[in-house]
Amino acid sequence: MTSPPLAVEMRGITKVFPGVIANENVDLEVRAGEIHALLGENGAGKSTLMNILAGLYRQDAGEIRLHGQLAQLHSPSDAIRLGVGMVHQHFKLVDSQTVAENVILGLKRPAFRLDMKRTAREIEELGARYKLAVDPGAYIWQLGVGEQQRVEILKTLYRNADILILDEPTAVLTPQESEELGQTLRRMIQEPATRGHAGNKAVIFITHKLDEVVRFSDRVTVLRGGKVEATIDTAGSSKADLARLMVGRTVVFQVEKPPFQPHVTPEQRQEVLFAVKDLHALNDKGLPALNGVSLEVHAGEILGIAGVAGNGQRELAQSITGLRKVNKGQVLVRCGGIQGKLKEVTNHTPHQIIDDGLSYVPANRLGTGLAGNLPISANLILKDYRKEPLSHGPFLDRTSIGRFAERLIGAFQITTPSAERPVRLLSGGNLQKVILAREITAGKAMLVAVNPTRGLDVGATESVQRTLLEQRAQGAGVLLVSEDLDELLAICDRIAVMYEGRVMGVMPAQDANRDELGLMMAGEHIQPEA
Ligand SMILES: Nc1ncnc2c1ncn2[C@@H]1O[C@H](COP(=O)(O)OP(=O)(O)OP(=O)(O)O)[C@@H](O)[C@H]1O
Ligand SMILES: [Mg+2]
């Protein structure tokens, strides 16, 4: 039996950044007509390797063949010309432009205006063929995350990509959307490659979701510490096998929810730590996002918020933390923890609310969570620098700060050569860890976290969930917004479902199941609020 032709051959690829070997002598073979998953812990070198294949970075050593031909990739346009298209971990669409404008962005074509109609038609045709329907005339800001991703994929298909790279495509999708994406990718690899190449199109995708790897890919390459650990057939490999290859040890998938809270009494668990009452707020477009939300978070409790992205979860978190104007209703927090008093903080500044004892892990971690050009250590102390021992009066204590930063870098396994590196140079998952480390270990009595494990590898996910449960055991109240139902079911005490700015219902996690939650997420009332 002859094996199918190779779409991609990367041989001996090495890429060094100052102080870090991101890729070391990496060999990767991707067959025409296959979906090839690229797995590895945060910082393992996945994005770097794919950025080299997409012409964004130049390798220090090694060579690349595309469909058997030696390829010199000096820029993204070289890669596009040779049929390589990449959808990045952080989307690169222009918000203020339409879908069609974004799709042709960067393509040199005369008679721009005339072309728009044709482009729109071509986009519709492509959309129909790959079941990636979007309105070519819609503005990017009007689209949900899943739709924006479709635009990114259409953009590469429009450029006739024969090799499609997706960097964590499903990190931002709902379960249904990622299922659809899987179907689209399968459809793609059944199409013959263009440019006269033998064999079909090929897909490489990076993900941390092992379920998806098992379901959608034909083969898997695992990177660890910049080197290839193994390339294996997906059929016959289990999630546990993959996780072991990735981290080099056996991984526990279900964190154990401790059955009792040694640090809080049952009476204290009745106490409300923070709450919202009849909350109303608008979204960025000025449309109603919260239509009367009431919720209470108790001491020693994790309250989960389930819902399809865009149903008010983000606005709820922002309203509580002072980042979004509340038009009607109240936000209440118990200052000074369980001994303290509930006080109204509606429309207080984020600063005041931090001082009242609430920490926040936002969804958009680069935008609101981190200062990109500052070192990791500075980002880790961003909220605590005014306190002993990190500063004495007006003076920062460098030694204490260094020690503090090193401790968090160790505890959260942040991959970096030093605490003094600008935070923007970290890999996607390690960026998340910096902000999580800062917010979760702040030891505040109240925490609001939006998708805290998105983009994290299995090991890091495990440690974040464990930390949340530890906080709960200490008597903290946690509001956990997550699009990952399994995560909510595993670590929450109660789960509330949001739909169109309202709470559809709240149920104890032990009584909840995926199907019912799914129906409520689609807007059906299942049971009255408990
Ligand atoms: N532009 C850059 N400058 C300096 N160092 C970089 C740069 N890009 C990546 N690195 C470093 O290279 C290593 C590999 O990073 P990469 O982004 O490839 O990881 P990854 O496997 O994609 O991780 P994640 O799952 O977190 O996205 C990391 O240590 C990272 O800090
Ligand atoms: Mg990455």
Side-chain angles (χ1 to χ4, degrees), residues 10 13-26 28 36-60 62 76 86-92 152 165-172 204-210 212-213 220-229 242-243 245-248 251 365-366 369-370 372-377 379-380 405 409-410 412-437 451-464:
M10 297 180 91
I13 301 290
T14 294
K15 175 73 187 174
V16 182
F17 293 114
V20 180
I21 305 179
N23 291 150
E24 190 175 345
N25 199 18
V26 170
L28 175 71
H36 198 109
L38 197 54
L39 260 183
E41 291 184 276
N42 296 130
K46 306 176 298 290
S47 295
T48 303
L49 188 68
M50 289 302 105
N51 281 331
I52 291 172
L53 187 56
L56 267 132
Y57 295 158
R58 181 91 179 130
Q59 71 270 29
D60 298 313
M86 177 157 174
V87 177
H88 292 272
Q89 203 162 359
H90 310 283
F91 296 165
K92 295 181 187 284
E152 289 274 22
I165 306 165
L166 296 148
D167 195 347
E168 291 192 39
T170 52
V172 292
I204 307 173
F205 84 106
I206 300 176
T207 182
H208 291 294
K209 298 185 183 166
L210 299 178
E212 285 168 5
V213 173
V220 190
T221 293
V222 181
L223 289 180
R224 191 184 336 153
K227 295 187 201 151
V228 174
E229 188 63 27
L242 295 171
L245 283 173
M246 237 160 88
V247 298
V251 175
R365 315 231 219 267
L366 256 194
L370 295 168
N373 288 324
L374 290 185
I376 299 165
S377 59
N379 275 282
L380 284 171
I409 287 170
F412 282 79
Q413 295 151 37
I414 298 168
T415 328
T416 175
S418 115
E420 293 318 303
R421 246 167 152 234
V423 78
R424 72 183 148 76
L425 297 184
L426 289 178
S427 77
N430 282 297
L431 282 174
Q432 318 262 16
K433 290 189 204 171
V434 170
I435 193 162
L436 280 162
N451 290 322
T453 58
R454 173 191 285 177
L456 294 188
D457 60 44
V458 280
T461 298
E462 189 185 288
S463 63
V464 166

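Each ligand, and each atom within it, is numbered from 1 in the order the structure gives. Predicted model only: the values in this text are computed from it and were never measured.
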- So, Gln432 side chain and Arg454 main chain: donor-acceptor pair closer than 3.5 Å or not? yes
Of Thr221, Leu166, Leu53, the one forming a side-chain contact (heavy atoms from CB on, under 4.5 Å) with Ile204 is Leu53
Rounded to the nearest 0.5 Å, the NZ atom of Lys433 sits from the CD1 atom of Ile414 at a distance of 7.0 Å
Self-check item: Check: Ala44 main-chain N/O paired with Thr415 side-chain donor or acceptor under 3.5 Å
Solution: no
Taking only non-hydrogen atoms of Ser47 and a 4.0 Å limit, the atoms of ligand 1 in range are 17 (O), 18 (O), 20 (P), 22 (O)
Note: Thr207 and Glu168 closest approach over all heavy atoms is CA-CG, 4.5 Å
Separation between NZ (Lys15) and CG (Asn25), nearest 0.5 Å, reads 15.5 Å
For Glu168, the ligand 1 atoms with a heavy-atom partner under 4.0 Å come out as 25 (O), 27 (O)
In this structure, atom 1 (N) of ligand 1 is nearest to the protein heavy atom Tyr57 OH, 3.3 Å
Q. For ligand 1, is there an N or O atom under 3.5 Å from any N or O atom of Leu425?
A. yes
- Task: Could you tell me whether some N/O pair between Gly43 and ligand 1 is separated by less than 3.5 angstrom?
- Result: yes
Less than 3.5 Å between some nitrogen or oxygen of Gly455 and one of ligand 1, yes or no?
-> no
For atom 29 (O) of ligand 1, the closest protein heavy atom turns out to be Val20 CG1, 3.5 Å
closest protein heavy atom to atom 25 (O) of ligand 1 is Lys46 NZ, 2.8 Å
Which is it for Asp167 and Met50 under the side chain to side chain contact (heavy atoms under 4.5 Å, CB included) test, yes or no, and what are the steps along the way?
CA-CA 8 Å; Asp167 195 347; Met50 289 302 105; 5.7 Å; no
among protein heavy atoms, the one nearest atom 18 (O) of ligand 1 is Thr48 OG1, 2.6 Å
Rounding to 0.5 Å, atoms CG (Leu425) and OG1 (Thr416) come to a distance of 8.5 Å
**Report entry** Glu41 backbone acceptor or donor facing Lys46 side chain under 3.5 Å
**Finding:** yes
re atom 11 (C) of ligand 1, the protein heavy-atom contact at minimum distance is Phe17 CD1, 3.9 Å
Exercise. Is the closest heavy atom of His208 to ligand 1 under 4.0 Å?
Worked result: yes
On a heavy-atom basis, the closest approach of Ala419 and Pro375 is O-CB, 3.8 Å
Does at least one non-hydrogen atom of Ala44 fall below 4.0 angstrom from an atom of ligand 1? yes
Nearest non-hydrogen protein atom to atom 17 (O) of ligand 1, with distance, is Ser427 CB, 3.3 Å
> Does ligand 1 have any atom that is closer than 4.0 Å to a heavy atom of Gln432?
Replying inline: no
Report task. For the residue pair Leu436 and Leu456, establish whether any side-chain heavy-atom pair is separated by less than 4.5 Å. Result -> yes
Per side-chain contact (heavy atoms from CB on, under 4.5 Å), Asn23 is matched among Asp60, Leu49, Thr14, Asn51 by Leu49
| request: Please state whether Arg421 comes within less than 4.0 angstrom of ligand 1, counting heavy atoms only. | output: yes
Of all protein heavy atoms, the one nearest atom 27 (O) of ligand 1 is Gln89 NE2, 3.1 Å
Task: Whether Asp457 side chain and Gly40 backbone form a donor-acceptor pair below 3.5 Å - done: no
Residue, atom and distance of the protein heavy atom nearest atom 12 (O) of ligand 1 read Ala22 CB, 3.5 Å
Protein-side N, O or S atoms sitting under 2.8 Å from the Mg ion (ligand 2) are Ser47 OG, Gln89 OE1
d(Ile52 CD1, Met10 CE) to nearest 0.5 Å is 5.5 Å
